[in-house]
Amino acid sequence: MKYSILIAIFIGINGTTLAQDCNCNHEIAAGVSVYDGSTVKPGETVCLPAGERGRLRIDGLNGSKTEPVLLVNCGGQVVINGDGGYGIMLSGSRFIKMSGKGSDQYQYGIKVNGGTMGVTLLDFSSDVEIENFHIEKSGFAGIMAKTDPSCANTDLRGFVMRNISFHHNYIHHTGGEGFYVGYSWHPTREVECNGKTVMYYSHAISGIRIFSNIIENTQWDGLQVGCGTSNVKIYDNKIRNYGLADELYQNHGVQIGAGTTGEFFNNLVDTGTGSGISFFGAGNNDLFNNVILNTHGNAIYHNDKGAREGTRYRIYNNTIVSGNGLGINLNAAHTRDNLVLNNLICVPATGIRGGNARWTIDKNMISSNPDYFGFTDHPAKDFHLTQTSVCVDAGADLKYLEFDHDMMKRFAGGGFDVGAYELGAEPYEYVDDVVTDIDGKEGLGQIKVYPNPTGDELFLKLDKRFPAKSISYQIYSLDGRVMLNGETFDLNTPVISTSSLGQGLHYCMLFEGHHLLQTFRFLKN
């Protein structure tokens, strides 16, 4: 039976008393450190009463796709003093919204102080949204989201974490990363287990939104994302003072790791000991409208060693102003039809390095002198353009770019401006598409594969509702080597030839474009 709990009483300096009804179905009292969520039904609200408390582990909390469970502060700010491994741990849970918007008096109604991880999503948790949290002084990551393989469970390819959304959070003074999302070694890692060498296989993440967060004073990377195989957007974040420990390979403002595709745009990356943005993604990565300042090393570092064949990279309309290192460092050996367009690059060293036949590089403005660009106020870090700027109307016409760093319309005037800002533009109403499984395809049928075990051919059968028109595939051996990298084929004749494979167990990943549709394993006779 649904009931309401009258939680908090506020006593103001004038002696008045305010009461708040939070429409709670369940309450986790301050003394509870482990909460069993199995009795909570989809659509219900679980409240954390205002005040200080110790670390909290929540197990088996499950809503549904249409009725997520809401976990919210009630009656004021909740302060969680983390110790040991975490502040809040969500374990084995799905379809959860964790919100610090339960009190109008606080922008961040849930504060997590300390713990190795501020907030961590473990044990196959999925479909989780976190908003309006204040996380500080974590020993390692502010927010961590992944399930790691282990000696007891080496292969996680049968699980896909889906639809994670982290927004409007404030994360600062972490001992490691601000955000640590996804496993760092995709798709495989060789480890020792009980004296034997084995392969770890990570799970994929489909559907990532990280936006409108403030990340400051991190000892390691500001934001790290790996294994994001489809439907990834990271935007409107402000990342300042990253990599304070200056740890080699851990001092990036942003690291877009192996296996990750998607868009990174409208972010501010300001001041750190390493590169501003380093990306080693799966391909089909777009970086645009970002403002990158005061980096050491490369403002943008690219490497396509993990890209799938047939994918591409696009780097366009970024503003880079730095007193150290390179502007954009390109390292493409596998991809083609890549683009570097309309970037404003103010650095003392090389503006763009590594261009080759795999790249179209055009309409970029490069100078070591900030006065050349006609900024509004360079010392005050105002890099909007003035009327006399050489960047106004000087860019290539990009039909797919509709807005600038300020969410103003492109283009205004006679053409596209170079850099992250468009002069004289009108407001643009940005509406992100809803994060849904496999870009909205979950629930529309699975691909059936037969026979299994198989001989020289695998046949694929789709539910009639499945919207994919064509797919491609990759087949891996047990040690993670790519055995077959199939071309896209029409689903009217869905047959995969396995005649060239040796006997034994294999793994197959099915894609539509660069979107992961399904993973399965099969035995070759």
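Quick caveat, the model's predicted, so the values are computed rather than measured. Computation of the quantities below employed the complete heavy-atom set of this structure, encompassing side-chain atoms and omitting hydrogens, waters and symmetry-equivalent molecules.
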Legend entry - Shortest non-hydrogen contact from Leu423 toward Leu385: CD1-O, 3.2 Å
Legend entry - Considering all heavy atoms, the nearest Ile328-Ile345 contact: CD1-CD1, 3.9 Å
Legend entry - Reported CZ-to-OG distance for the pair Arg94 and Ser125, which is rounded to 0.5 angstrom: 10.5 Å
Inset, instruction - Look at the aromatic rings of Tyr430 and Tyr235 and report parallel, tilted or perpendicular, splitting at 30° and 60°. - result: perpendicular
Inset, instruction - Report yes or no: is the cationic atom of Arg162 (NZ for Lys, CZ for Arg) under 6.0 Å from the centre of the six-membered ring of Phe95, at an angle within 45° of the ring normal? - result: no
Legend entry - Ring geometry between Phe140 and Tyr180 (parallel below 30°, tilted from 30 to 60°, perpendicular above 60°): tilted
Legend entry - Result of checking Phe375, Phe373, Tyr421 against Phe383 for ring pair (Phe, Tyr, Trp, His ring centres under 6.0 Å): Phe375
Legend entry - Minimum heavy-atom distance Asp127-Ile164, with the two atoms named: N-CG2, 4.5 Å
Inset, instruction - Could you please spell out the steps behind the side chain to side chain contact (heavy atoms under 4.5 Å, CB included) verdict for Ile277 and Phe264? - result: CA-CA 10 Å; Ile277 303 173; Phe264 185 87; 3.4 Å; yes
Inset, instruction - Scan side-chain atoms only and decide if His296 and Asp246 contain a donor-acceptor pair under the 3.5 Å cut-off. - result: no
Legend entry - Taking every non-hydrogen atom, the tightest pair across Cys508 and Phe522: CB-CE2, 4.1 Å
Inset, instruction - Answer yes if the ring centres of Phe265 and Tyr316 are under 6.0 angstrom apart, and no otherwise. - result: no
Legend entry - Residue pair Arg410, Asp404: steps toward the salt bridge (Lys or Arg N to Asp or Glu O under 4.0 Å) verdict: CA-CA 6 Å; Arg410 292 192 190 262; Asp404 76 348; 5.3 Å; no
Inset, instruction - Return yes if a side-chain donor-acceptor contact under 3.5 Å exists between Ser91 and Asp123, otherwise no. - result: yes
Inset, instruction - Determine yes or no for a side-chain-to-main-chain donor-acceptor pair under 3.5 angstrom, with Asp417 supplying the side chain and Asp393 the backbone. - result: yes
Legend entry - Under 3.5 Å donor-acceptor, Asn364 side chain and Asn343 backbone: yes
Inset, instruction - Using a strict 4.0 Å threshold on nitrogen-to-oxygen distance, state whether Glu216 and Lys238 make a salt bridge. - result: no
Legend entry - Side-chain donor-acceptor contact under 3.5 Å, Glu402 with Tyr428: yes
Legend entry - Minimal non-hydrogen separation, Phe416 against Ala396, with atom names: CB-O, 3.4 Å
Inset, instruction - Would you tell me whether Thr335 and Thr311 have side-chain atoms, one donor and one acceptor, within less than 3.5 Å of each other? - result: no
Legend entry - Test: Arg358 and Asp304 ion pair at under 4.0 Å: no
Legend entry - From Thr295, Thr174, Asn217, Asp270, residue fulfilling side chain to side chain contact (heavy atoms under 4.5 Å, CB included) relative to Tyr242: Thr295
Inset, instruction - Determine the minimum heavy-atom distance between Thr229 and Ala204, stating which atoms define it. - result: OG1-CB, 3.6 Å
Legend entry - Check: Glu457/Ser497 side-chain N/O donor and acceptor closer than 3.5 Å: no
Legend entry - Side chain Asn285, main chain Thr260, donor-acceptor under 3.5 Å: yes
Legend entry - Short side-chain donor-acceptor distance under 3.5 Å, Asn290 and Asn267: yes
Inset, instruction - Return the set of residues passing ring pair (Phe, Tyr, Trp, His ring centres under 6.0 Å) with Phe179 (not counting sequence neighbours), or none when no residue passes. - result: Phe166
Inset, instruction - Given side-chain hydrogen bond (donor to acceptor under 3.5 Å, both in side chains), test Asp236 with Ser212 step by step and report yes or no. - result: CA-CA 5 Å; Asp236 193 36; Ser212 300; 2.7 Å; yes
